[in-house]
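A quick write-up on the structure given underneath.
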Amino acid sequence: MKQKLITAGGLLLSCAAIITATSSFSDNILVPELEEISAGQHEYRMAGDFLKDGKPSSAPKIDVRFARSLSVMKYQVSNREYAQCVADAACALPFKQKYPLIDDKPVTGVSFIDAQSYARWLTQKTGITWRLPSDAEWAYSAGSRFFDDALDSDSADPSKRALLKYQQVIDLNIKSDPIVKPKGEYGANELGIYDQSGNIWEWTDTCYQRSVVNMNGEIVTSGKENCTIRVVEGKHRSYMTIFIQDAKSGGCGVGPSPDYLGIRLVRDNPAFFSFQRARNWWILLTGS
């Protein structure tokens with residue numbers, strides 16, 4: 001026999017119905033698949049530019065600890081998933097993309113602003129918080145696919161440093177790949193996350209900043225964040241202005257320009273009570 005709940009209005013509601021009501025209000029919303037990454041810590045090469053004695057220096061490494069597990073999208077946001085947001089007039093069309101978006105290939109040609117719009121829309125539709133990862137979270141979820149952009153030497157000679165950067169680009173052996181592949185084409189990393197470091201770079205929520213380090217590489221002055229520029233991650237780390245949809249049109253960082261810009265979100269652990277869940281319950285009870 002199912003357990004019953006007596007509501008304030010005298011209506012009876014089964015526990016099974018409550019569970020249904022607290023999921024997505026719109027049953028047709030495509031909710032991304034997730035991979036749960038265990039809590040832990042990793043050594044993280046910080047994002048941004050760093051100066052040592054007035055000269056460019058490699059970013060310091062710090063230990064980052066995640067006290068809770070991280071729920072990360074297994075695949076990048078697809079065309080079909082993003083199209084639902086466009087259809088609701090909550091997201092802009094991607095760069096050079098004509099509506100409708102009907103396949104399961106990753107959506108491309110999206111700016112940071114577009115990515116934020118999609119995250120807000122999905123949050124509103126599901127009642128659970130979806131957001132872009134921080135760069136540290138992205139690096140943690142990428143595992144062995146995270147590219148460490150430090151140079152082998154912090155030469156104070158600008159010409160020698162330029163040669164080191166040039167050699168690093170050669171060593172990356174990155175070639176432009178104009179074909180958007182089906183999801184899963186680049187395979188999964190050791191944590192079960194697919195297609196990281198393929199030909200689609202992913203937006204993070206981390207702002208660009210320039211800091212000063214001492215001779216031991218320790219930060220002595222943290223620069224002011226420039227949040228009109230965000231970190232994007234892929235085969236290498238790069239930086240993009242938040243309104244850029246076409247990766248070729250502007251950015252900076254080690255290596256060639258990204259081929260495409262896409263979206264991968266993390267999901268915060270849902271609270272049992274939320275405005276959206278309360279709204280779902282009310283609609284189920286009253287039909288309005």
Side-chain angles (χ1 to χ4, degrees), residues 32-48 58-66 68-78 81 104-108 110 112 115 130-152 165 167-206 208 230-240 247 251-267:
E33 293 181 68
L34 292 171
E35 193 68 36
E36 198 79 11
I37 300 176
S38 300
Q41 67 180 50
H42 75 132
E43 197 175 36
Y44 166 64
R45 179 78 65 185
M46 297 180 69
S58 293
K61 274 188 172 183
I62 59 173
D63 287 328
V64 177
R65 178 169 181 78
F66 296 94
R68 302 172 65 182
S69 61
L70 193 63
S71 298
V72 183
M73 285 179 54
K74 182 178 287 190
Y75 303 98
Q76 293 152 336
V77 174
S78 71
E81 289 166 341
D104 285 322
K105 289 183 179 179
V107 68
T108 60
V110 286
F112 175 83
W130 297 82
R131 58 178 176 81
L132 288 171
S134 68
D135 189 62
E137 289 172 330
W138 193 97
Y140 186 57
S141 69
S144 60
R145 294 195 179 185
F146 176 69
F147 170 69
D148 187 346
D149 57 5
L151 295 175
D152 292 335
K165 282 193 173 184
Q167 185 60 50
Q168 187 180 58
V169 171
I170 293 175
D171 292 342
L172 283 173
N173 194 29
I174 295 177
K175 297 178 181 178
S176 180
D177 185 356
I179 306 301
V180 177
K181 310 292 195 302
K183 70 177 185 180
E185 185 76 12
Y186 290 97
N189 67 7
E190 66 273 21
L191 300 173
I193 308 298
Y194 283 79
D195 302 327
Q196 284 176 309
S197 301
N199 66 343
I200 299 174
W201 273 245
E202 301 169 14
W203 287 100
T204 78
D205 194 38
T206 297
Y208 168 83
R230 302 285 174 145
V231 180
V232 294
E233 286 286 2
K235 293 180 182 177
H236 59 79
R237 178 186 280 158
S238 192
Y239 304 90
M240 288 281 168
C252 58
V254 176
S257 298
D259 292 298
Y260 295 103
L261 297 172
I263 307 170
R264 188 190 306 269
L265 302 177
V266 298
R267 189 201 70 185

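Residue numbers count from 1 along this sequence. In this text, all values refer to a predicted model and were calculated from it rather than measured experimentally.
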Any side-chain heavy-atom pair of Val107 and Gln76 under 4.5 Å: no

Any side-chain heavy-atom pair of Val231 and Tyr208 under 4.5 Å: no

Flag for Glu233-Thr204: side-chain donor and acceptor within less than 3.5 Å: no

Closest non-hydrogen atom pair between Tyr44 and Ala139, with its separation: CD1-CB, 4.0 Å

Minimum side-chain heavy-atom gap Tyr75-Glu33 below 4.5 Å: yes

Min side-chain heavy-atom separation Met240-Phe112 under 4.5 Å: no

Pairs satisfying salt bridge (charged side-chain N to carboxylate O under 4.0 Å, His left out), at least one member in residues 34-46, at least two apart: Glu35-Lys74, Glu43-Lys61, Arg45-Asp148

Residue pair Leu191 / Tyr140, side-chain heavy-atom distance below 4.5 Å: no

Whether Ser197 side chain and Gly234 backbone form a donor-acceptor pair below 3.5 Å: yes

Short side-chain to backbone donor-acceptor contact, Arg145 and Ala188, under 3.5 Å: yes

Check: Val72 and Leu34 side chains under 4.5 Å, non-hydrogen atoms: no

Residues that Arg131 engages under side-chain hydrogen bond (donor to acceptor under 3.5 Å, both in side chains), provided they are two or more places apart: Glu137, Asp268

Asn189 side-chain N/O to Ala142 backbone N/O, donor-acceptor pair under 3.5 Å: yes

Test ring-ring contact (aromatic ring centres under 6.0 Å, His included) applied to Phe146 - qualifying residues, sequence neighbours left out: none

Sole residue of Ile263, Val110, Asp195, Val180 in side chain to side chain contact (heavy atoms under 4.5 Å, CB included) with Ile200: Val180

Closest heavy-atom pair and its distance - Pro182, Pro106: C-CD, 4.5 Å

His236 backbone acceptor or donor facing Trp201 side chain under 3.5 Å: yes

Side-chain (Asn199) to main-chain (Ile179) donor-acceptor, under 3.5 angstrom: yes

Student check: side-chain heavy atoms of Lys183 and Ser78 closer than 4.5 Å: no

Within-4.5 Å side-chain heavy-atom neighbours: Ile193 and Arg264: yes

